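Let me begin by presenting the structure, written as structure tokens, before commenting on it.
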Amino acid sequence: MPFISFEGVEGCGKSTQMRLLAERLRGRGGAVTATREPGGTPLGERLRAILLESRSALDPLAEWLLFEADRRQHLAEVVRPALAAGAWVLCDRFSDSTEAYQAAGRGLDAALIAEVDARVRDGVCPELTLLYDLDVAEGLARTRRRDAREGRFESEDLAFHERVRRRFLEIARREPLRVVVVPAQADAPAVFEETWRIVSERFAP
């Protein structure tokens with residue numbers, strides 16, 4: 001079964017789309033592991049609390065390395081075993097987010113990130129990445145309507161989020177066979193129709 005990642009800027013609706021896809025696949029009898037980064041393991045959830053809340057100051061390099069530690073543990077405990085068992089693996093964020101947020105957003109060395117991340121993944125890569133594209137101001141407005149508390153990334157300025165969005169789109173242009181851009185302006189049911197069309201055409205579930 002395939003490994004599918006869900007990517008996009010803050011508020012793009014990717015988590016909702018992943019949930020809807022998991023429900024559709026399970027309704028058809030599929031074995032599905034739906035997970036997320038950071039998180040997905042007991043260690044990962046502790047790291048998630050550090051990485052996403054805005055109160056603790058983190059050096060950008062330390063932030064990135066915590067994301068990589070989370071990914072390595074997640075692959076070992078969740079992703080590899082689920083793939084070996086024949087389950088669909090759906091992941092809310094993966095390596096593309098690291099390139100977009102830490103390289104483009106934070107300005108860290110993209111080549112270093114790519115080299116270390118490749119070692120961390122050790123050959124594991126999504127067969128399909130669904131990139132939900134949305135204007136960053138609209139995405140941030142959505143997150144604020146949903147939760148008045150701002151996390152570490154929501155509190156960044158628009159220029160940061162524009163850099164993140166541009167890098168996501170650059171990745172899609174670089175890897176068009178893996179990354180499919182899904183316009184995310186419409187409501188969740190309408191976006192899901194496109195999500196399902198892409199997945200069903202690619203994998204015939």
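What you are looking at is a predicted structure, and each value in this text was computed from that prediction instead of being measured.
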Worked verdict on His161 versus Glu10 for side-chain contact (heavy atoms from CB on, under 4.5 Å): CA-CA 8 Å; His161 293 283; Glu10 305 301 320; 3.7 Å; yes
Pair Gln102-Ile113, side-chain contact (heavy atoms from CB on, under 4.5 Å): steps then yes or no: CA-CA 8 Å; Gln102 276 65 59; Ile113 287 176; 3.9 Å; yes
Stepwise side-chain contact (heavy atoms from CB on, under 4.5 Å) test for Leu128 and Val199: CA-CA 8 Å; Leu128 172 66; Val199 171; 4.1 Å; yes
From CA spacing to verdict: side-chain contact (heavy atoms from CB on, under 4.5 Å), Val89, Met1: CA-CA 8 Å; Val89 176; Met1 290 293 114; over 6 Å; no
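Atom CG of residue Leu131 and atom SG of residue Cys12 lie 7.5 Å apart, to the nearest 0.5 angstrom. For the atom pair Phe203 CZ and Ile4 CD1, the distance stands at 5.0 Å (nearest 0.5 Å). Rounding to the nearest 0.5 Å gives a distance of 6.5 Å between CZ of Phe3 and CG of Leu75. Note that the CD1 atom of Ile198 and the CD atom of Glu194 stand 4.0 Å from one another [nearest 0.5 Å]. Between atom CG of residue Asp117 and atom CG of residue Asp122 there is a gap of 11.5 Å, rounded to the nearest 0.5 Å. Summarising the geometry, atom CZ belonging to Phe192 is positioned 13.0 Å from atom CZ belonging to Arg197; distances are rounded to the nearest 0.5 Å.
When hydrophobic clusters are built by joining Ile, Leu, Val, Met, Phe, Trp and Tyr residues whose side-chain heavy atoms come closer than 4.5 Å, directly or via intermediates, Leu65 is not grouped with Phe67. One hydrophobic cluster, built from ILVMFWY side chains closer than 4.5 Å, cannot hold both Met18 and Phe94; they sit in different ones. Note on Leu25 and Phe6: same hydrophobic cluster, where clusters join Ile, Leu, Val, Met, Phe, Trp and Tyr whose side-chain heavy atoms are under 4.5 Å apart, directly or indirectly. Hydrophobic clustering, with ILVMFWY side chains joined whenever heavy atoms are under 4.5 angstrom apart, keeps Leu134 apart from Val182. Linking Ile, Leu, Val, Met, Phe, Trp and Tyr whenever their side-chain heavy atoms come within less than 4.5 Å leaves Phe160 and Trp64 in two separate clusters.
The two residues Leu140 and Thr143 have their closest heavy-atom pair at O-OG1, 2.7 Å. Smallest separation of non-hydrogen atoms from Pro38 and Leu51: CB-CD1, 4.0 Å. Heavy atoms only, all atoms of each residue included: Ala137 and Asp135 are closest at N-OD2, 3.1 Å. For the pair Phe168 and Val9, the tightest heavy-atom approach, listed with the atom from each and the gap, is CE1-N, 4.1 Å. Between Gln17 and Ala188, the shortest heavy-atom contact is NE2-O, 3.2 Å. In terms of heavy-atom proximity, Ala172 sits nearest to Val181 at CB-CG2, 3.6 Å.
Residues Gln73 and Thr41 have side chains that never bring a donor and an acceptor to within less than 3.5 angstrom of each other. No donor-acceptor contact under 3.5 angstrom links the side chains of Glu138 and Gln185, judged on distance only. Ser97 and Glu7 share a donor-acceptor pair across their side chains, judged by distance under 3.5 Å alone.
Remark: the backbone N or O of Gly40 is paired with a side-chain donor or acceptor of Glu45 at under 3.5 angstrom. Arg178 contributes no side-chain N or O that, together with a main-chain N or O of Cys125, makes up a donor-acceptor pair within less than 3.5 Å. The main-chain N or O of Asp92 is never found under 3.5 Å from a side-chain atom of Arg36 such that the two would form a donor-acceptor pair. Without hydrogens or angle criteria, Arg26 side chain to Val32 main chain gives a donor-acceptor distance under 3.5 Å.
Under the 4.5 Å side-chain criterion, counting only non-hydrogen atoms from C-beta, Asp133 is in contact with Arg165. A 4.5 Å side-chain heavy-atom check between Thr16 and Val191 finds every atom pair outside the cut-off. Using a 4.5 Å heavy-atom cutoff, the side chains of Leu58 and Leu66 are in contact. For the pair Arg93/Lys14, a side-chain contact is recorded, criterion being any heavy-atom separation below 4.5 Å from C-beta on.
Among Arg166, Arg174, Arg167, the one residue that satisfies the salt bridge (charged side-chain N to carboxylate O under 4.0 Å, His left out) test with Glu170 is Arg167. None of Arg71, Glu37, Glu68 except one satisfies the side chain to side chain donor-acceptor pair (under 3.5 Å) rule with Thr98; the exception is Arg71.
Arg106 has a carboxylate O that lies under 4.0 Å from a charged side-chain N of Glu156, or vice versa, which qualifies the two as a salt bridge. Taking a cutoff of 4.0 Å between a charged side-chain nitrogen and a carboxylate oxygen, Arg28 and Glu23 do not qualify as a salt bridge. At a threshold of 4.0 Å, the pair Asp70-Arg48 does not count as salt-bridged, since none of the basic side-chain nitrogens sits closer than that to a carboxylate oxygen.
Note: Tyr101 and Phe153 have perpendicular aromatic rings, judged against thresholds of 30 and 60 degrees for the angle between ring planes.
Trp196 carries Arg24 over the face of its six-membered ring, with the cationic atom under 6.0 Å from the centre and within 45° of the normal.
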